[in-house]
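Structure first, commentary second.
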Amino acid sequence: IPQEKALEYSAQILNGIITLRKHGITHRDLNLRNIKINTQGIVKILDFGIATAEDNTQQINARKFGTPSDMPANDIFSLGLLIYNLYTGIYFVDEKQSKEGSTTFADRIAQTKELMFNDDTLKQQYIDKIPSKIKDLVLSCLYCQEIESIKDQFISLDKKFRYYFLSKYELLQEIVK
């Protein structure tokens, strides 16, 4: 897909994460298989089978279905991987390498993080492969920064993304101006 469309879809995914958080929900399985785009170009987040209440992300079977018990579920980290994949057309971490020997989504995420980080710092080999235009945005997600910071990163890329994150009321106020 064109890079501009990739950013638009990514902004819509972030808007979906924001909406889920407003309702106290963590998806816990954001990946390309669970993202669909309709004929109008609207992103739909699918498969809430392992979603949890944000205040209880380590429920029974979390080890089997979601994030490992020692790792909080974080849709923002997954968003960083999605942005990179949508923008470049390739996986941030080699899928074969990250899936080897793992049987659950939780294991794959844990392996991905082990491959990417040294003592909570992203390895230089991964930093170097992020295109400069989206580097700050992707790093903000991979380091799980606050949503406001990530929204600001999108808006710095293109002012139109500001409208993606407005509530209906705020958008109506903008129209009335």
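In this text the structure is predicted, and so the values were computed from the model without any measurement.
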Look up atom CZ in Phe161 and atom CG in Leu166, then write down how far apart they are to the nearest 0.5 Å.
13.5 Å
Any chain of hydrophobic side-chain contacts (each under 4.5 Å) joining Leu14 to Ile1?
yes
Donor-acceptor pair, distance only, cut-off 3.5 Å: does the side chain of Asp75 make one with the backbone of Arg28?
yes
What distance do Glu148 atom CD and Ile18 atom CD1 have between them, rounded to the nearest 0.5 Å?
7.0 Å
Find out whether the Lys NZ or Arg CZ of Lys129 is both under 6.0 angstrom from the six-membered ring centre of Phe92 and within 45° of the ring's axis.
yes
Do you reckon Leu32 sits in the same ILVMFWY cluster as Met116, going by side-chain contacts under 4.5 Å, direct or chained?
yes
Interatomic distance, Ile42 atom CD1 to Ile37 atom CD1 [nearest 0.5 angstrom]:
10.0 Å
In Å and rounded to the nearest 0.5 Å, what is the OH to CD distance from Tyr9 to Glu4?
11.0 Å
Are the side chains of Ile17 and Leu30 in contact, using a 4.5 Å heavy-atom criterion?
yes
To the nearest 0.5 angstrom, please state how far the NZ atom of Lys22 sits from the CG atom of Leu20.
11.0 Å
Check the hydrophobic clustering (I, L, V, M, F, W, Y; side-chain heavy atoms under 4.5 Å; chains of links allowed) and say if Ile134 and Ile90 are grouped together.
yes
From CZ (Phe165) to CG (Asp152), nearest 0.5 Å
9.5 Å
Within the distance-only criterion (no hydrogens, no angle test), does the side chain of Asp29 pair as donor or acceptor with the backbone N or O of Asp47 below 3.5 angstrom?
no
Is the number of heavy atoms from other residues, nucleotides or ligands within 6.0 Å of CD (Glu146) greater than 12?
no
Is the shortest heavy-atom distance from the side chain of Ser10 to the side chain of Phe154 under 4.5 Å?
yes
Is it true that Leu46 and Ile35 fall in one hydrophobic cluster, defined by side-chain heavy atoms closer than 4.5 Å?
no
Tyr143 vs Phe117 aromatic rings, parallel, tilted or perpendicular, using cut-offs 30° and 60°?
perpendicular
Donor-acceptor pair, Gln153 side chain versus Leu139 backbone, under 3.5 Å?
no
